[in-house]
Structure formats: C-alpha cells, structure tokens
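The first residue in the sequence is number 1, and the count goes up from there. Since the model is a prediction, treat every value here as computed from it, not as a measurement.
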Amino acid sequence: MLADSHCHLNYKGLVEEQQAVLERARAGGVTAMLNIATRESEWDAVLATAEREPDVWATVGIHPHEADAHPHVDTAKLVARGRHPRVVGIGESGLDYHYDQSDRARQQASFRAHIAAARELQLPIVVHTRDAEDDTLAILREEMEQGAYPGVIHCFTASAAFADSALELGFYISISGIVTFRNATDLQQTASRLPRERLLIETDAPFLAPIPHRGKPGEPSFVADTAAFLAKLRGEEVSELQHYTAENFHRLFSKTKPA
C-alpha cells in the first residue's frame, strides 16, 4: 500500500503520457493518488481523470499564485463542485509570500473562502504555505474558532514550531521528496519525530523528484523512494510506513474509502 497524497497528473510533464505514468505507479505499489487542482480551468480535466481511474481522486481549488485571477471563485462555487463524488478535498489553497504572485490580501481572502468550503463539506483543506507561517497559522486558528474542519499541510517545509501548531489544530502533515535532499536537515529532523498517525507522503509531481530521480519530472511512482528514505530516517520498516501513511490518507480523505 502506497498513497501519493498530492500530485498534478494533468500538468505538463505528466499529462502527455498520463496512462503510462499511472501504470508505472501501480506497478510500484501505489494504490491511491490525489490529483490536485490549482486553477479553475483545470477542474474539469482533473475531475475527468478521477472519474476514469478508480485509484485517482480529485480536489478543487485555487493556488495562492492564482488568487488575483480568480476573485469570482468563492465558497459557494467551491462547495458546489466539492459535492462531486470524486472530489475528496478542497485546495490547494493557502499563502505564498515567497513569490508574491498574487496580492497578499487577495490570497488571504481566497484562503478563507476555501476553509469555509472545507468546513461546510467537512472535506480536508490542502494547505500550501511558503514564507507565510505567521499569517497561515493565524488564519487557520481564527477559522477553526468558527467551526472545526480537517486539513493537511502539503509539501511541508516550515519550521518545527509550525508543525507542532498545525498538529495541535488536528492537521496532518505531508512530506514530499524534498526530505531526501542533502540540505534538508531541518526538515529531516522534524519529519523524524512527526506522530505516525498524522503523517502523509506525497510527490507533488511533476515537481520535486526525490533522490535518486533529481532532474527528472516527478511522478507518483517516486513516492516509494520518499517512503524508503523516510522509513530509514524514522527507524521504521518501509512496509510499515507505507501501510500506515496509506491508512492515514484514507482516514483523512474519507470519501476515498469504499462505500
């Protein structure tokens, strides 16, 4: 059992050979993949893949880089599309102050709209945060006070203190191939101590291919390499980590469980 909790199967680099990418993932033991949307124009294609492939599910959402271009995507629109049976999460959404490709106030408003949809549907919000720990955490806490909602910090690269705060809010934390990079010592230290019941793994394909695939487009099959590295880091058997992270995936994204 292996679950890739975050990939972009409809992005350039994967979509051109999507069926072969899926076949390689399945051959490598990947039994679940979550295909993430980042702009409204992707939603139909992301959903079509999930409708066609029984081991692929979808999210609907607007990446913080796209917030300026999507002021019309509000909670109601997210809720309406989020009711689709193959949509299992909302996002990715959040704050990215590293590139500031969208106005920060617009990012924050979009983020809150996504959280409201996640709360209404009781679907996990998939959170992107980069160089925005304080504001991300403040919004997550303020919105949690309005009513509980599930979620995951995807492609975790934040501080250990942020991890602890996210865990206190009930969030899961997803580790990508970045953990295998030689200079990722702080992330490795944090990942080594995350509670197993809240740990997910992902590829963020076609980005962030783990060692030994650096320089290649990432793909879901590479989640096995991240799992192997993480298991060694944590002093666990690879099969054990694969199993419990897949169980965590299906627990968090509960619509992926068989009826």
Side-chain angles (χ1 to χ4, degrees), residues 5-14 34-43 46 58-75 77-78 89-118 123-144 149-166 169 171-179 181 183-184 186-187 190-191 200-209 217-218:
S5 70
H6 193 112
C7 58
H8 301 278
L9 295 170
N10 293 80
Y11 269 27
K12 183 180 179 180
L14 296 183
L34 185 52
N35 195 19
I36 303 290
T38 58
R39 53 180 74 87
E40 189 180 15
S41 61
E42 298 169 358
W43 291 3
V46 167
T59 68
V60 290
I62 305 300
H63 192 284
H65 289 339
E66 303 290 332
D68 280 353
H70 293 80
H72 59 288
V73 176
D74 57 8
T75 298
K77 186 180 282 278
L78 290 162
I90 301 296
E92 64 185 281
S93 179
L95 305 176
D96 193 311
Y97 295 172
H98 183 79
Y99 291 108
D100 275 327
Q101 291 185 12
S102 284
D103 175 76
R104 292 186 180 187
R106 182 63 233 159
Q107 290 186 48
Q108 293 170 18
S110 177
F111 190 20
R112 290 185 188 275
H114 282 72
I115 293 172
L123 293 180
I125 183 162
V126 179
V127 177
H128 171 109
T129 181
R130 189 168 185 190
D131 292 350
E133 289 190 21
D134 291 346
D135 284 357
T136 300
L137 193 56
I139 289 173
L140 292 176
R141 283 174 171 156
E142 289 167 13
E143 292 293 333
M144 196 67 74
Y149 57 92
V152 56
I153 309 298
H154 113 85
C155 192
F156 185 86
T157 56
S159 66
F162 184 93
D164 292 339
S165 296
L169 289 171
F171 272 65
Y172 288 65
I173 293 178
S174 184
I175 300 296
S176 73
I178 291 175
V179 77
F181 299 176
N183 63 350
D186 289 346
L187 175 60
T190 300
L200 300 178
I201 48 177
E202 64 170 89
T203 60
D204 203 14
F207 310 112
L208 305 176

Participant: Specify the closest pair of heavy atoms between A191 and I175, including all atoms of both residues, with the distance to one decimal.
Facilitator: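 Where A191 meets I175 most closely, the heavy atoms are CB-CD1, 4.1 Å.
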Participant: Taking all atoms of both residues into account, what is the closest heavy-atom pair of A132 and Y97, and its distance?
Facilitator: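 Smallest heavy-atom distance, with atoms named: CB-CD1, 3.5 Å.
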Participant: Is there a donor-acceptor pair closer than 3.5 Å between any side-chain N or O of T59 and the backbone N or O of G89?
Facilitator: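 No.
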Participant: Ignoring hydrogens and angles, state whether a donor on the side chain of Y172 or S5 is under 3.5 Å from an acceptor on the partner side chain.
Facilitator: no
Participant: If we ignore hydrogens and angles and just use 3.5 Å, is the side chain of H114 paired with the main-chain N or O of G94 as donor and acceptor?
Facilitator: no
Participant: Of all the heavy-atom pairs spanning A116 and T75, show the shortest one and how long it is.
Facilitator: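 Nearest pair, atom of A116 first, then T75: CB-OG1, 3.6 Å.
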Participant: Return the CD1 to CG distance between I115 and L140, rounded to the nearest 0.5 Å.
Facilitator: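 I115 CD1 to L140 CG: 5.0 Å, rounded to 0.5 Å.
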Participant: Determine the minimum heavy-atom distance between K77 and H72, stating which atoms define it.
Facilitator: CE-O, 3.8 Å
Participant: If we ignore angles and hydrogens, is there a donor and acceptor under 3.5 Å between the side chains of E92 and H6?
Facilitator: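 E92 vs H6: donor-acceptor pair found between side chains.
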Participant: Any chance you could measure L208, atom CG, to S176, atom OG, to the nearest 0.5 Å?
Facilitator: 5.0 Å
Participant: Applying the side-chain contact (heavy atoms from CB on, under 4.5 Å) criterion to S174, which one of L200, I153, V126 satisfies it?
Facilitator: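 Among L200, I153, V126, the one meeting side-chain contact (heavy atoms from CB on, under 4.5 Å) with S174 is L200.
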Participant: Answer with yes or no whether the side chains of D96 and H128 bring together a donor and an acceptor at under 3.5 Å.
Facilitator: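 Checked: H128/D96 side chains pair up, N/O donor to acceptor below 3.5 Å.
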Participant: Which heavy atom of Q107 sits nearest a heavy atom of L95, and at what distance?
Facilitator: OE1-CA, 3.3 Å
Participant: When rounded to the nearest 0.5 angstrom, what is the spacing between CG in D164 and CG in L169?
Facilitator: 11.5 Å
